[in-house]
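These notes concern the structure reproduced below.
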Amino acid sequence: MANYYCKNCGTKYSSISSLTNNRCAKHPNGTNKGQHELYEGSEKSQYNCKYCGTKYTSISSMTNNRCARHPNGTNKGQHSPAL
């Protein structure tokens, strides 16, 4: 059975429909102001931030931290997983 992850918070779901039917606490528009968004990459043992390259073992641990090279400015957004 495949797992599906939100690219903004790393929450894991067993189907795409259940993922996209729920609100995301770390949505870019604000807390719970949008649905979870599908991470379209594959499951990996390590995930790299697409802005700075920092490595994490899960998407959820990655998105819990602010990125020094975020496009909105230094530490003005979370790390984001590269595909």
Side-chain angles (χ1 to χ4, degrees):
M1 179 180 251
N3 293 313
Y4 301 94
Y5 297 89
C6 174
K7 71 178 184 178
N8 298 316
C9 69
T11 302
K12 178 172 72 171
Y13 287 89
S14 59
S15 72
I16 294 173
S17 62
S18 60
L19 177 122
T20 57
N21 281 332
N22 290 289
R23 295 199 171 272
C24 180
K26 293 186 180 177
H27 194 274
N29 294 339
T31 302
N32 296 321
K33 292 196 175 177
Q35 308 307 102
H36 289 291
E37 296 177 40
L38 178 64
Y39 167 69
E40 296 186 53
S42 60
E43 278 189 278
K44 304 172 187 175
S45 60
Q46 280 193 331
Y47 297 89
N48 295 321
C49 174
K50 68 181 180 182
Y51 304 125
C52 69
T54 304
K55 296 178 183 178
Y56 291 89
T57 57
S58 71
I59 296 172
S60 60
S61 63
M62 173 183 284
T63 58
N64 279 331
N65 295 288
R66 297 201 170 268
C67 182
R69 294 187 182 160
H70 194 275
N72 291 343
T74 302
N75 297 322
K76 294 201 176 184
Q78 311 317 98
H79 290 286
S80 184
L83 299 179

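Counting from 1, the numbers follow the sequence of the chain as shown.
Note that OG of Ser58 and CD of Gln46 are 11.0 Å apart. Values are rounded to the nearest 0.5 Å. From Leu38, atom CG reaches atom NZ of Lys7 across 9.0 Å, with rounding to the nearest 0.5 Å.
Closest approach of Thr63 and Ser60 over heavy atoms only: OG1-O, 3.3 Å. Nearest heavy atom pair, residue Leu19 against residue Tyr4, reads CD1-O, 3.8 Å. When every heavy atom of Lys55 is checked against every heavy atom of Asn48, the shortest pair comes out as CG-OD1, 2.8 Å. Residue Asn64 comes nearest to Gln78 through the heavy atom pair C-NE2, 3.9 Å, listed as atom of the first residue, atom of the second, then distance. Lys76 approaches Arg66 most closely through the heavy-atom pair C-NH1, 3.6 Å.
Taking the side chain as every heavy atom from C-beta outward, Thr11 and His36 approach each other to under 4.5 Å. In this structure, the side chains of His79 and Cys52 come closer than 4.5 Å at one or more pairs of heavy atoms.
The salt bridge (charged side-chain N to carboxylate O under 4.0 Å, His left out) contacts involving residues 38-53 comprise nothing, where partners must be two or more places apart or lie in separate chains.
For Ser15, the side chain to side chain contact (heavy atoms under 4.5 Å, CB included) criterion is met by Ser17, Ser18, not counting sequence neighbours. Residues satisfying the side-chain hydrogen bond (donor to acceptor under 3.5 Å, both in side chains) criterion with His70, sequence neighbours excluded, are absent altogether. Residues passing the side-chain hydrogen bond (donor to acceptor under 3.5 Å, both in side chains) test with Asn8 are Glu37, sequence neighbours excluded. Residues forming a side-chain hydrogen bond (donor to acceptor under 3.5 Å, both in side chains) with Thr54 (at least two apart in sequence, or on another chain): none.
Grouped by direct or indirect side-chain proximity (heavy atoms under 4.5 Å, Ile/Leu/Val/Met/Phe/Trp/Tyr only), Tyr47 sits with Tyr5, Tyr39, Tyr56, Ile59, Met62, Leu83.
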